[in-house]
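Working notes, beginning with the structure itself.
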Amino acid sequence: MVPPFKIASFHPETMKAWLYSSTSGGLEKNLNLNTSARAPPVPQRNEVLVRVLSAALNPVDYKLPEVGLPTRMFIGMPASPGMDFCGRVVATGPLAKHLKEGQLVYGCPTRPGPFGSLGEFLSITADQIAVVPDGVSVDHAAALPLAGQTAYQSLEGYVKAGDKVLINGGSGGCGLFTIQIAKQMGCHVTTTCSTRNMELCLRMGADDVIDYTAETDLVAKLRQQKRIFDCIVDYIGLPYSLYYQCHHILKEDGAFVQVGASTLMTFLGRIGWPSFLGGGQRKYTILLMKNNQSQLVQLGDWLADGKIQIQLDSVYELHDARKAFEKLRSSRARGKIVVHVSDSNDRSMESFGIGL
């Protein structure tokens with residue numbers, strides 16, 4: 001819904017932003033809050049300039065910059081981390097005039113760049129954002145884009161109504177979305193998680209939950225129970241043998257979708273070990289999320305209708321962004337971590353208009 005006020009067009013020259021130029025010792029140890037950082041350029045063509053209200057963190061926000069110097073050069077330095085956001089449209093390029101100044105939007109860029117969501121302003125193309133549905137909060141909208149689309153794409157094209165899905169690691173940000181989306185698609189869902197997260201996964205809709213801390217051999221347990229799945233979505237990469245033994249529990253035409261893993265070697269090993277030498281005997285797919293506006297809109301509609309829920313682990317103010325990254329890196333988060341980027345007075349619709 002377009003707010004009942006008009007925001008005068010303007011373009012900021014500077015902004016508040018957490019910046020890093022190195023990731024030595026960990027990205028969060030190199031973050032510095034700059035109150036006069038360079039703002040994004042004037043939007044061109046189908047670009048949209050957004051004032052960020054809330055940002056949600058994902059492991060890729062620190063993992064990708066920490067890969068090495070070539071990756072950081074590709075991103076551009078200094079840079080603000082963060083991809084997921086919810087904010088208000090400030091200005092648009094000539095091909096994005098269907099979006100109005102003041103509209104509340106959410107989304108994430110295709111890849112990290114110098115202007116991330118832990119900066120007060122960011123620029124993004126119109127096809128990578130959606131208008132926030134009525135009744136959806138700013139924090140919840142910010143938590144949706146990357147993890148929600150990743151979960152959606154780990155299932156779409158691989159499952160249909162009535163299929164049985166195994167989600168390895170269901171209590172993380174993506175896993176909780178995958179449980180809920182699979183249920184929306186009419187699937188029977190089995191997931192693994194730790195003891196403390198079993199109730200959470202059941203509450204989010206899982207039909208069966210397996211405590212991986214109590215199992216020494218997951219595949220053996222599933223074989224004993226004669227479980228056969230149509231699709232396996234793996235967010236953990238452990239146990240390491242899961243893919244190599246999955247032919248015992250995954251249908252011949254089923255897909256093993258790899259989304260996350262603790263090390264790069266998990267991906268390389270599962271790709272490079274041929275089946276005739278003991279490697280995996282089922283279709284192996286590494287998922288790389290791609291922005292899909294129709295999926296982003298669908299996720300927002302499901303959220304507005306109460307068909308999926310956002311599980312927030314914690315919410316931090318901008319000055320505590322380092323602590324937010326520390327919590328993210330701990331792998332102890334139960335759901336999404338959100339950072340309030342704007343000041344509290346700027347987060348209301350009226351104050352936003354006055355502030356500009």
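Since we're looking at a predicted model, the values are computed, not measured. Numbering of residues begins at 1 and proceeds along the displayed sequence.
- More than 12 heavy atoms of other residues, nucleotides or ligands shown are found within 6.0 angstrom of NZ on Lys97.
- Without hydrogens or angle criteria, Glu47 side chain to Gly93 main chain gives no donor-acceptor distance under 3.5 Å.
- Residues Val60 and Val339 do not share a hydrophobic cluster, defined by chaining ILVMFWY side chains whose heavy atoms lie under 4.5 Å apart.
- Comment: Arg332 does not engage Asp313 in a salt bridge, judged by the lack of any side-chain N to carboxylate O separation of less than 4.0 angstrom.
- Tyr243 has its side chain out of reach of Ile232: every pair of non-hydrogen atoms, C-beta onward, lies at least 4.5 Å apart.
- A pairwise comparison of heavy atoms in Val52 and Ser117 identifies CG1-O, 3.5 Å as the closest pair.
- Other residues, nucleotides and ligands contribute only 12 or fewer heavy atoms inside 6.0 Å of the CZ atom of Arg38.
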TODO: Carefully, step by step, assess Leu99 and Val131 under the rule side chain to side chain contact (heavy atoms under 4.5 Å, CB included).
DONE: CA-CA 9 Å; Leu99 291 167; Val131 176; 4.1 Å; yes
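- Closest approach of Ser54 and Asp139 over heavy atoms only: OG-OD1, 2.6 Å.
- Panel note: side chain Lys160, backbone Gly157; no donor-acceptor pair is recorded below 3.5 Å.
- Counting heavy atoms from C-beta outward, Ile181 and Leu299 have side chains that approach closer than 4.5 Å.
- Across all their heavy atoms, Ala141 and Cys86 have their closest contact at CB-SG, 3.9 Å.
- Using a 4.5 Å heavy-atom cutoff, the side chains of Phe115 and Pro41 are in contact.
- Contact of the Met204 side chain with the Thr191 side chain is not registered, since no non-hydrogen atoms from C-beta on lie closer than 4.5 Å.
- Between the side chain of His140 and the backbone N or O of Gln309 there is no donor-acceptor pair closer than 3.5 Å.
- One finds the CG atom of Asp127 at 6.0 Å from the CD atom of Gln293 (value rounded to the nearest 0.5 Å).
- Within a 6.0 Å radius of NZ in Lys323, other residues, nucleotides and ligands contribute 12 heavy atoms or fewer.
- For the pair Arg51/Pro12, no side-chain contact is recorded, criterion being any heavy-atom separation below 4.5 Å from C-beta on.
- Put simply, the side chain of Trp18 never gets that close to the backbone of Gly116: no donor and acceptor are under 3.5 Å apart.
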TODO: Determine, step by step, whether Thr178 and Val189 satisfy the side chain to side chain contact (heavy atoms under 4.5 Å, CB included) criterion, reporting the C-alpha distance in whole Å, the side-chain angles of both residues, the deciding distance to 0.1 Å, and the verdict.
DONE: CA-CA 9 Å; Thr178 309; Val189 176; over 6 Å; no
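- Counting all heavy atoms, side chain and backbone alike, Ala56 lies closest to Ala142 at CB-O, 3.3 Å.
- Under the 4.5 Å side-chain contact rule for hydrophobic residues, Met83 and Tyr235 do not share a cluster.
- Hydrophobic clustering (side-chain heavy atoms under 4.5 Å, transitive across Ile, Leu, Val, Met, Phe, Trp, Tyr) groups Leu31 together with Met77.
- Contact between Ser194 and Tyr212 at its shortest, heavy atoms only, is N-CE2, 3.4 Å.
- By the side-chain contact (heavy atoms from CB on, under 4.5 Å) test, Lys29 is found to be paired with no residue, residues two or more places apart in sequence or in another chain being considered.
- Ring to ring, Trp302 and Tyr152 are close: their centroids are under 6.0 angstrom apart.
- When atom types are taken as modelled, the side chain of Arg282 and the backbone of Leu250 share a donor-acceptor pair closer than 3.5 angstrom.
- The pair Arg322-Glu326 does not count as a salt bridge, with every side-chain nitrogen at least 4.0 angstrom from each carboxylate oxygen.
- By the neighbour-count criterion of 12 heavy atoms within 6.0 Å, atom CZ of Arg45 is sparsely surrounded, having that number or fewer from other residues, nucleotides or ligands.
- Atom-to-atom distance recorded for Gln245:CD and Leu218:CG is 11.0 Å, nearest 0.5 angstrom.
- Interatomic distance, OH of Tyr106 versus CD1 of Ile129, reported as 10.5 Å (0.5 Å rounding).
- Under the 3.5 Å distance criterion, the side-chain polar atoms of Gln44 are matched with a main-chain donor or acceptor of Val42.
- Remark: Lys307 NZ is loosely packed, at most 12 non-hydrogen atoms of other residues, nucleotides or ligands lying under 6.0 Å away.
- With hydrogens and angles ignored, the 3.5 Å screen pairs no side-chain donor or acceptor of Gln298 with any backbone N or O of Ser294.
- Checked by atom type and distance alone, the side chain of Asp230 never pairs as donor or acceptor with a backbone atom of Lys251 at under 3.5 Å.
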- [ ] Check the pair Tyr316 / Leu57 against side chain to side chain contact (heavy atoms under 4.5 Å, CB included), numbers first and verdict last.
- [x] CA-CA 11 Å; Tyr316 294 84; Leu57 302 186; over 6 Å; no
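- Leu104 is listed as a side-chain neighbour of Leu53, based on a closest heavy-atom distance under 4.5 Å.
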Open item on the list: Would Phe85 and Ile124 count as a side chain to side chain contact (heavy atoms under 4.5 Å, CB included) here? Give the steps.
Closed with: CA-CA 11 Å; Phe85 73 90; Ile124 190 168; 3.7 Å; yes
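- The structure places CD of Glu28 at 9.0 Å from CG of Leu328, a figure rounded to the nearest 0.5 Å.
- In this structure a side-chain-to-backbone donor-acceptor pair under 3.5 Å is present from Thr192 to Gly169.
- Side-chain contact between Pro81 and Leu118 is present, with heavy atoms from C-beta onward closer than 4.5 Å.
- Note that CG of Asp301 and CD1 of Ile308 are 9.5 Å apart. Values are rounded to the nearest 0.5 Å.
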Open item on the list: Would Asp84 and Asn58 count as a side-chain hydrogen bond (donor to acceptor under 3.5 Å, both in side chains) here? Give the steps.
Closed with: CA-CA 8 Å; Asp84 280 350; Asn58 298 281; 3.0 Å; yes
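- By the 6.0 Å contact criterion, CZ on Arg196 is enclosed, its count of non-hydrogen atoms from other residues, nucleotides or ligands being greater than 12.
- Between the side chains of Thr195 and Asp211, at least one donor N or O sits under 3.5 Å from an acceptor N or O.
- By the 4.5 Å heavy-atom criterion applied to side chains, Pro145 and Leu296 are counted as neighbours.
- Linking ILVMFWY side-chain heavy atoms closer than 4.5 Å, directly or via other members, places Leu202 and Ile210 in two distinct hydrophobic clusters.
- For the pair Gln153 (side chain) and Lys290 (backbone), a donor-acceptor distance under 3.5 Å is present.
- With rounding to the nearest 0.5 angstrom, the OH atom of Tyr158 is 11.5 Å from the CE atom of Met185.
- Across all non-hydrogen atoms, the minimal contact from Ser21 to Pro78 is OG-CB, 3.4 Å.
- Cluster annotation: Met198 and Leu222 are assigned to distinct hydrophobic clusters (Ile/Leu/Val/Met/Phe/Trp/Tyr, side-chain heavy-atom contacts under 4.5 Å, transitive).
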